[in-house]
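What follows is a short report on a single structure.
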Amino acid sequence: QKEVEQNSGPLSVPEGAIASLNCTYSDRGSQSFFWYRQYSGKSPELIMSIYSNGDKEDGRFTAQLNKASQYVSLLIRDSQPSDSATYLCAVNIYSNYQLIWGAGTKLIIKP
Amino acid sequence: DAMVIQNPRYQVTQFGKPVTLSCSQTLNHNVMYWYQQKSSQAPKLLFHYYDKDFNNEADTPDNFQSRRPNTSFCFLDIRSPGLGDAAMYLCATSRESGPGLGMSSYNEQFFGPGTRLTVL
């Protein structure tokens, strides 16, 4: 059974601090890794994609991938109240068009 | 702007009354997906089209059907909605090169705003 695991939270972080979200996956054949942000009642929005080991930065967001340890993380610097949302981790296995989804981590940024 | 559009945004139907949800895209993506998402759960893939090829998930109930008349449009038909079918229905698209072409499938999926289905 291919699985993606996330802590459901809520994760509470003070405004301006770094929020760290983690995700582990079970299938070593996983090729592509995604972080989606989902506000309550809205659809998921792709915020980061990462395909190779290491860090990828985009503005206040940094995705980190460690294939040997089978985890991917998302760091949000200078957290803002508008970052409060559920963050979904999704993983793709080569030649399969399905994404395997984690259940999401609810992030709360406290002003 | 290129986008994924879903209509209606909110749909109320009665138990057993058929309903059709629509999705259109201007991204010119070749793969379209339908997901069901219930509160505090991950999206659950119902089926997807790779071009015109339909791929049904093994655990998708027969009550759910889909049509893709052209590249831009895809429909989700729920033949006899039950109370358990109340959920957010999400349409997503991706651009895939396909297997056997020597390229990885990156599978970045882009979602429409969703349709919230209520079953009375």
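Heavy-atom basis, side chains included; hydrogens, waters and symmetry copies ignored. A, B, ... follow the sequence lines: proteins, then strands. Residue 1 opens every chain.
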Interface moiety of Q6(A) toward chain B, non-hydrogen atoms closer than 4.5 Å:
neither
Which class fits the ring pair F111(B) and Y35(B): parallel under 30°, tilted 30 to 60°, perpendicular over 60°?
tilted
Hey, could you give me each pair passing salt bridge (Lys or Arg N to Asp or Glu O under 4.0 Å) that has a residue in residues 21-39 of chain A? Not counting sequence neighbours.
K2(A)-D27(A), R37(A)-E45(A)
Using atom types as modelled and distance alone, determine if a side-chain donor or acceptor of Q70(A) lies under 3.5 Å from a backbone N or O of Y25(A).
yes
Of the listed P44(A), S8(A), G104(A), the one with the largest count of heavy-atom pairs under 4.5 Å with chain B is P44(A)
For chain A, find which of R116(B), K44(B), Q6(B), Q37(B) contributes the most heavy-atom pairs closer than 4.5 angstrom.
Q37(B)
Determine whether a donor-acceptor pair (N or O, by modelled atom type, separation under 3.5 Å) exists between the side chain of Y39(A) and the backbone of S82(A).
yes
My understanding is that only one of Y71(A), F34(A), F33(A), W35(A) makes a side-chain contact (heavy atoms from CB on, under 4.5 Å) with C23(A); could you say which?
W35(A)
For N70(B), does the CG atom have more than 12 heavy-atom neighbours from other residues, nucleotides or ligands under 6.0 Å away?
yes
Any link between M48(A) and V4(A) through a network of hydrophobic side chains (Ile, Leu, Val, Met, Phe, Trp, Tyr) touching at under 4.5 Å?
yes
Taking it one step at a time, do R9(B) and T115(B) satisfy side chain to side chain donor-acceptor pair (under 3.5 Å)?
CA-CA 4 Å; R9(B) 295 291 308 278; T115(B) 295; over 6 Å; no
Who wins among P113(B), S39(B), G114(B) for the most heavy-atom pairs under 4.5 Å with chain A?
P113(B)
Which atoms of Q109(B) are under 4.5 Å from chain A, going by heavy atoms: the side chain, the backbone, both sets, or neither?
both
Report, in residue-number order, which members of residues 74-91 of chain B are under 4.5 Å from chain A by heavy-atom distance.
M88(B), L90(B)
